[in-house]
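Ligands are counted one by one from 1 in listed order, and the atoms in each one are counted from 1 as well.
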Amino acid sequence: MEKKSSKDKDSQELPKVPVPPLKQTLDMYLKCVQHLVKEEQFKKTKTIVEKFGAPGGSGEFLQKKLQERRDKTTNWVYDYWLEDMYLNNRLALPVNSSPVMVFPKQTFRDHKDALRFATRLIIGVLQYKDLIDARELPVDFARGQLAGTPMCMEQYNRLFTSYRYPGLKTDTLKVHMNTASPEPEHIIVACKNQFFVLDVVTNKEQLKEAEIFSQLERILKMAENPGDKVPAFGLLTSDGRTEWAQARDVLTKDPTNRDSLALIESCLCLVCLDEPSGLDPSDTNRALLMLHGGGRDRNGANRWYDKSMQFVVGMDGVCGVVCEHSPFEGIVLVQCSEFLMKYIIGSPSKMATSASIKPLPPPRRLLWKCNPQLQGLLKASGDRIQRLVNNLDMDVFKFSVYGKEFIKKQKMSPDAYIQVALQLAFYKCNKRLVSTYESASIRRFQEGRVDNIRSATAEALAFVKSMTDEKTTLSDVEKMKRLREAISAQTNYTIAAITGMAIDNHLLGLLRISKDLNMEKPEIFCDETYLSSNQFILSTSQVPTTVEMFCCYGPVVPNGYGACYNPQSDHIIFCVSSFRESTETSSAVFAKALKEGLLEIRDLCNRSSAAVSKPAESGPGAAQPRKSGK
Ligand code: COA
């Protein structure tokens with residue numbers, strides 16, 4: 001079948017993100033929080049919610065205003081969501097916000113091998129950008145639940161055109177959308193904490209593979225001899241957003257610094273040639289090195305976190321991508337990374353065949369002016385990234401006992417099943433469930449990004465209790481029934497979310513529009529329940545890949561977990577993160593509980609199907625209901 005390109009798709013307009021009915025959202029909100037808060041607190045919340053949703057109440061008014069906003073805009077929630085999720089967040093980008101893709105460990109015999117890899121990566125980036133600009137990328141179609149609908153391709157346009165400027169109160173995401181630009185294009189190469197401009201397209205002509213390679217070799221040499229000591233200004237971008245905004249104000253007072261910043265801000269992407277870290281290149285260590293570069297003493301300053309795509313090529317073969325999250329979702333990052341990996345590995349090198357190499361001007365080293373004030377700021381940023389490095393507790397593991405195929409054979413959604421297993425793991429560790437975030441794509445709609453599947457459902461709670469507190473008192477039949485109910489609740493929530501009927505975006509919209517209208521903040525949004533329901537102690541995401549690589553990220557709250565998973569047919573890769581400074585979390589403990597839980601659920605499924613397929617043989621075995629407590 002002929003693949004549709006995004007150019008063809010432009011004519012078939014996608015629907016706008018809907019505004020769900022108010023009552024539906026409020027009912028769903030109460031259902032989501034009832035079992036997560038104390039009874040007294042819930043009673044209070046219920047009264048507040050009912051008042052908000054009453055005929056003639058503020059909810060009705062705000063809903064009308066939101067519907068008007070929907071009519072007037074392409075996507076009513078986009079700006080609200082972008083600000084709330086990213087731009088207003090003051091936390092440092094590494095670990096807290098920027099997800100990373102970790103490539104398989106590469107074997108480089110020497111620096112030339114590493115530079116060959118980097119060269120092919122750059123050629124791949126240029127080819128991919130050409131496809132985006134020409135709108136020739138094949139349109140993504142939804143898979144899994146409600147498969148087959150076309151997805152909005154707009155996020156791809158922001159891959160190489162975005163820059164996130166730090167602000168004192170809020171950041172600004174700038175996107176240069178002039179496609180097929182006749183302007184020269186450049187990449188910034190970071191090497192030994194210095195930044196170099198590599199012109200890759202001049203006079204509409206792209207550098208050949210051998211030319212890029214030779215320019216990279218020159219950069220490597222130039223980086224060896226920095227002349228004066230170069231300030232490691234990349235560290236400033238790893239700081240909290242307000243701190244970086246303040247430092248940037250100081251930095252830009254000098255015209256040399258302004259020129260250097262302008263070149264970084266207008267580049268296509270960064271390629272970070274990293275020094276060997278000296279660490280064992282395990283999955284966990286490679287994940288850590290992508291997330292924070294190993295801090296000040298390793299490659300933490302060899303980055304520029306505001307830029308949306310940073311490709312890391314370590315001389316020791318530790319490679320991957322660091323992505324500033326505000327312009328696009330992980331799924332787009334995966335598509336791009338897979339294209340590049342296939343290109344690097346799969347297409348023949350043109351290095352030997354490219355005839356003469358043009359004599360090119362040497363790449364330019366970016367110059368900086370430092371002063372004692374900036375020195376002080378740099379020291380403070382360095383100290384803070386170091387604290388983040390020491391704080392991050394990461395556990396990446398491959399669960400190889402089974403994968404998606406086993407789950408599908410149970411006639412269950414693999415994603416819902418894994419979510420229920422994550423709930424079980426959390427309950428095993430904490431004896432309670434907490435507000436959970438699972439990202440659900442809403443790219444079925446114009447400019448759609450994501451909404452939240454609140455996976456800590458009441459049905460999940462009932463199931464996890466049956467596997468723990470009530471383990472010995474309940475029968476397998478009852479446990480299996482609860483498992484099916486939990487999976488069905490999760491699947492239904494997923495379908496609601498991907499069709500624009502989840503509650504988080506809607507509630508945010510109601511809150512933000514009340515602010516736009518200068519209204520007093522409605523009580524529902526000041527309520528303790530609302531505030532705690534937005535503290536996502538468990539922040540999860542499915543990021544599947546078809547090429548060997550994995551995605552990971554950090555927790556979003558100090559006492560929380562990040563849990564990213566990549567389900568494959570016969571195994572699942574999990575990346576669990578948490579902070580060491582929290583006494584409530586431990587990635588290793590969570591990972592252990594998760595593995596145990598996955599085995600216990602499998603055993604339950606196996607016992608249940610054995611009982612179903614051999615009813616005549618069933619005696620007083622494990623699948624039989626046991627009398628409660630006796
Ligand atoms: N019985 C048998 N098979 C089933 C099944 C069932 N009851 N339910 C689902 N399946 C199959 C599906 O058909 C699908 O098959 P495929 O592998 O051949 O495509 C597969 O199982 C996976 O489906 P499922 O596990 O239900 O998940 P999904 O692919 O629909 O994903 C979300 C669900 C929420 C993850 C997805 O909709 C989404 O939004 N993804 C984006 C997440 C995101 O944004 N991540 C990045 C954040 S930065």
Residue selection (non-hydrogen contact nearest [atom]) among [options]:
atom                    : options                : value
atom 48 (S) of ligand 1 : C323, G330, P99, S439  : G330
atom 15 (O) of ligand 1 : E405, K408, E329       : K408
atom 47 (C) of ligand 1 : S569, A440, A147, S541 : S541

Are the charged groups of [X] and [Y] less than 4.0 angstrom apart, N to O?
X    : Y    : answer
R241 : D306 : yes
D283 : K105 : no
E154 : R158 : yes
R484 : E459 : no

What is the nearest protein non-hydrogen atom to [atom], stated with its residue, atom name and distance?
atom                    : result
atom 4 (C) of ligand 1  : M412 O, 3.9 Å
atom 31 (O) of ligand 1 : Q542 NE2, 3.8 Å
atom 25 (O) of ligand 1 : D415 N, 2.7 Å
atom 7 (N) of ligand 1  : K411 O, 3.1 Å
atom 41 (C) of ligand 1 : S441 CB, 3.8 Å

If we ignore hydrogens and angles and just use 3.5 Å, is the side chain of S582 paired with the main-chain N or O of N559 as donor and acceptor?
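Between the backbone of N559 and the side chain of S582 there is no qualifying donor-acceptor contact (under 3.5 Å).
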Sub-6.0 Å ring centroid separation between [X] and [Y]:
X    : Y    : result
H571 : F399 : no
Y80  : Y78  : no
Y305 : W244 : no

Decide whether S466 and R482 meet the rule of one side-chain donor and one side-chain acceptor closer than 3.5 Å.
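The answer is no; no qualifying pair exists.
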Check contact between I407 and ligand 1, using heavy atoms of the residue and a distance below 4.0 angstrom.
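The answer is no: ligand 1 sits nowhere under 4.0 Å from a heavy atom of I407.
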Looking at ligand 1, would H325 count as a contact under a 4.0 Å heavy-atom criterion?
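Within the 4.0 Å threshold, so yes.
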Below 4.0 angstrom, counting only protein heavy atoms, does anything approach atom 36 (C) of ligand 1?
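Answer no: nothing from the protein, no heavy atom, is under 4.0 Å.
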Give the contacting part of T494 toward ligand 1: side chain, backbone, both or neither, where contact means a heavy-atom distance below 4.0 Å.
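The part of T494 near ligand 1 is the side chain, not the backbone.
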Indicate, as side chain, backbone, both or neither, the part of K404 found under 4.0 angstrom from ligand 1 when only non-hydrogen atoms are considered.
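It is the side chain that gets close, since no backbone atom is under 4.0 Å.
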Can you find an N or O of P414 that's nearer than 3.5 Å to an N or O of ligand 1?
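Looking only at distances, the answer is yes, because the N/O contact criterion of under 3.5 Å is met.
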Please say which of R454, Q419, Q423 ends up in a side chain to side chain donor-acceptor pair (under 3.5 Å) with T436.
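Only match with T436 under side chain to side chain donor-acceptor pair (under 3.5 Å): Q423.
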Near G144, which atoms of ligand 1 are under 4.0 Å from a heavy atom of that residue?
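In order of number, 12 (C), 14 (C), 19 (O), 23 (O), 28 (P), 29 (O), 30 (O).
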S413 heavy atoms, cut-off 4.0 Å: which ligand 1 atoms fall inside?
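Answer, ordered by atom number: 5 (C), 6 (C), 7 (N), 8 (N), 9 (C), 24 (P), 25 (O), 26 (O).
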